[in-house]
Amino acid sequence: MLFKQQVWLRQKLLVLGSLAVGSLLYLVARVGSLDRLQPICPVENRFGGSHSQAEFPLRALQFKRGLLHEFRKGNSSKEQVRLHDLVQQLPKAIIIGVRKGGTRALLEMLNLHPAVVKASQEIHFFDNDENYAKGIEWYRKKMPFSYPQQITIEKSPAYFITEEVPERIYKMNSSIKLLIIVREPTTRAISDYTQVLEGKERKNKTYYKFEKLAIDPNTCEVNTKYKAVRTSIYTKHLERWLKYFPIEQFHVVDGDRLITEPLPELQLVEKFLNLPPRISQYNLYFNATRGFYCLRFNIIFNKCLAGSKGRIHPEVDPSVVTKLRKFFHPFNQKFYQITGRTLNWP
Ligand code: A3P
């Protein structure tokens, strides 16, 4: 009798133990898939697509990211692509600029959203005549694989300043959403200069000082022929775009704030793109060594941007900085007026 009771007790304990272990494994798997116990929220079908919302909850998209990563690495066959219903979609939104505004950080941070897939490389389709001549199918083939309910985003900062680009993008999709990330114009110009300077130094070449390039030595006025200066006159470029797209199709991202306080900026972009809010503080952590926010995809995978992002700028003569700030001031005012976004630039 006692023996029978012991066997019965042991069986019960075994069942309970298996249940406990099973639940634990289930929980670990859930956390591992970065679900973070959020309520199911389907991707709103505002971007079109052939499947019902219920079929593609965000949670599933998040889980399938690993799979997409494999496809991106080229570990896929045509059969697998077909089986998983993957497509290469033209972008529904483009980060058109501005160079050194924080375009890479913005793209990478938006890619944290389960409904967003980034084109990793700058494609330079619309600003490069040779690429453009290859046609829209060439461009589409450059896009990453994604699920139809996801949106693809690409960034090529040269688009913002290249004359032909607005018309070309309009011809592809007149209702596309356009993101412009800007920084205080003088800081952006110095950042632009720093990138070129680093390139020269890498090739053991000497280069002019920023002051010499930014100020015309004959007139002592700001040198508007210098590209780094011209690029920072945001309103001039935007006016060309407005010949094709209404202002509602643009969203201005404050690149200076994206550095210090990325989440609210990203939340504004989620709203603009009609995406359910999914990027959270969990996804962004400040890395003191880097001096920047880095990205956390899940408990295992996180990354900071490459060292080429966040260079130390050279010291610039304060009188030149003042002169440039004064020069940009009226253009900035116009930019605020057109875009409806006032930034606290001097
Ligand atoms: P600096 O190198 O002048 O600091 P882009 O990607 O358009 O070239 O922009 C580069 C800028 O992105 C960098 O300019 C850096 O300040 C900014 N940036 C914004 N968020 C960043 C982040 N989380 N990590 C690194 N750089 C970031």
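When reading the values below, keep in mind they use all heavy atoms of this one structure, side chains included, and skip hydrogens, waters and symmetry mates.
In this structure, Pro144 and Thr152 approach most closely via the heavy-atom pair CD-CG2, 3.9 Å. The minimum heavy-atom distance linking Gln249 with Ser174 is given by the pair NE2-O, 2.8 Å. When all heavy atoms of Pro91 and Met143 are compared, the pair lying nearest together is CD-CE, 3.7 Å.
Here the rule is side chain to side chain contact (heavy atoms under 4.5 Å, CB included) with Val316, and of Leu324, Val321, Thr186 only Val321 fits it. When the options Thr162, Ile94, Ile96, Asn131 are evaluated for a side chain to side chain contact (heavy atoms under 4.5 Å, CB included) with Phe126, the one that passes is Ile94.
Separation of the Tyr132 and Phe125 ring centroids falls under the 6.0 Å cut-off. Aromatic ring centres of Tyr285 and Tyr293: separated by at least 6.0 Å. Outside the 6.0 Å centre-distance limit, the rings of Tyr226 and Tyr193 are not counted as a close aromatic pair. Aromatic rings of Trp345 and Tyr336 (six-membered ring for Trp) have centroids within the 6.0 Å cut-off, being under it.
Distance check: Cys294 SG to Asn283 CG gives 13.0 Å after rounding to the nearest 0.5 Å. Taken to the nearest 0.5 Å, the OG atom of Ser232 stands 8.0 Å off from the CD atom of Glu184. For the atom pair Arg240 CZ and Thr235 OG1, the distance stands at 11.0 Å (nearest 0.5 Å). Considering CD of Glu270 and CD of Gln267, their distance stands at 6.5 Å, rounded to 0.5 Å.
Counted by atom type alone, Glu154 and Ser156 present one or more donor-acceptor pairs between their side chains at under 3.5 Å.
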**Message:** Checking Phe331 against Tyr234 for the ring-ring contact (aromatic ring centres under 6.0 Å, His included) test, could you report, in this order, the C-alpha distance in whole Å, the side-chain angles of both residues, the deciding distance, and whether it holds?
**Reply:** CA-CA 7 Å; Phe331 298 113; Tyr234 305 136; over 10 Å; no

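With a 4.5 Å cut-off on side-chain heavy atoms, Leu295 and Cys304 do not count as touching. For the pair Gln88/Lys141, a side-chain contact is recorded, criterion being any heavy-atom separation below 4.5 Å from C-beta on.
Cluster annotation: Ile151 and Val87 are assigned to distinct hydrophobic clusters (Ile/Leu/Val/Met/Phe/Trp/Tyr, side-chain heavy-atom contacts under 4.5 Å, transitive).
With Phe160 as the aromatic partner, Arg99 does not meet the cation-pi criteria of under 6.0 angstrom to the ring centre and within 45 degrees of the ring axis. Judged by the 6.0 Å and 45° rule, Lys134 forms no cation-pi pair with Tyr139.
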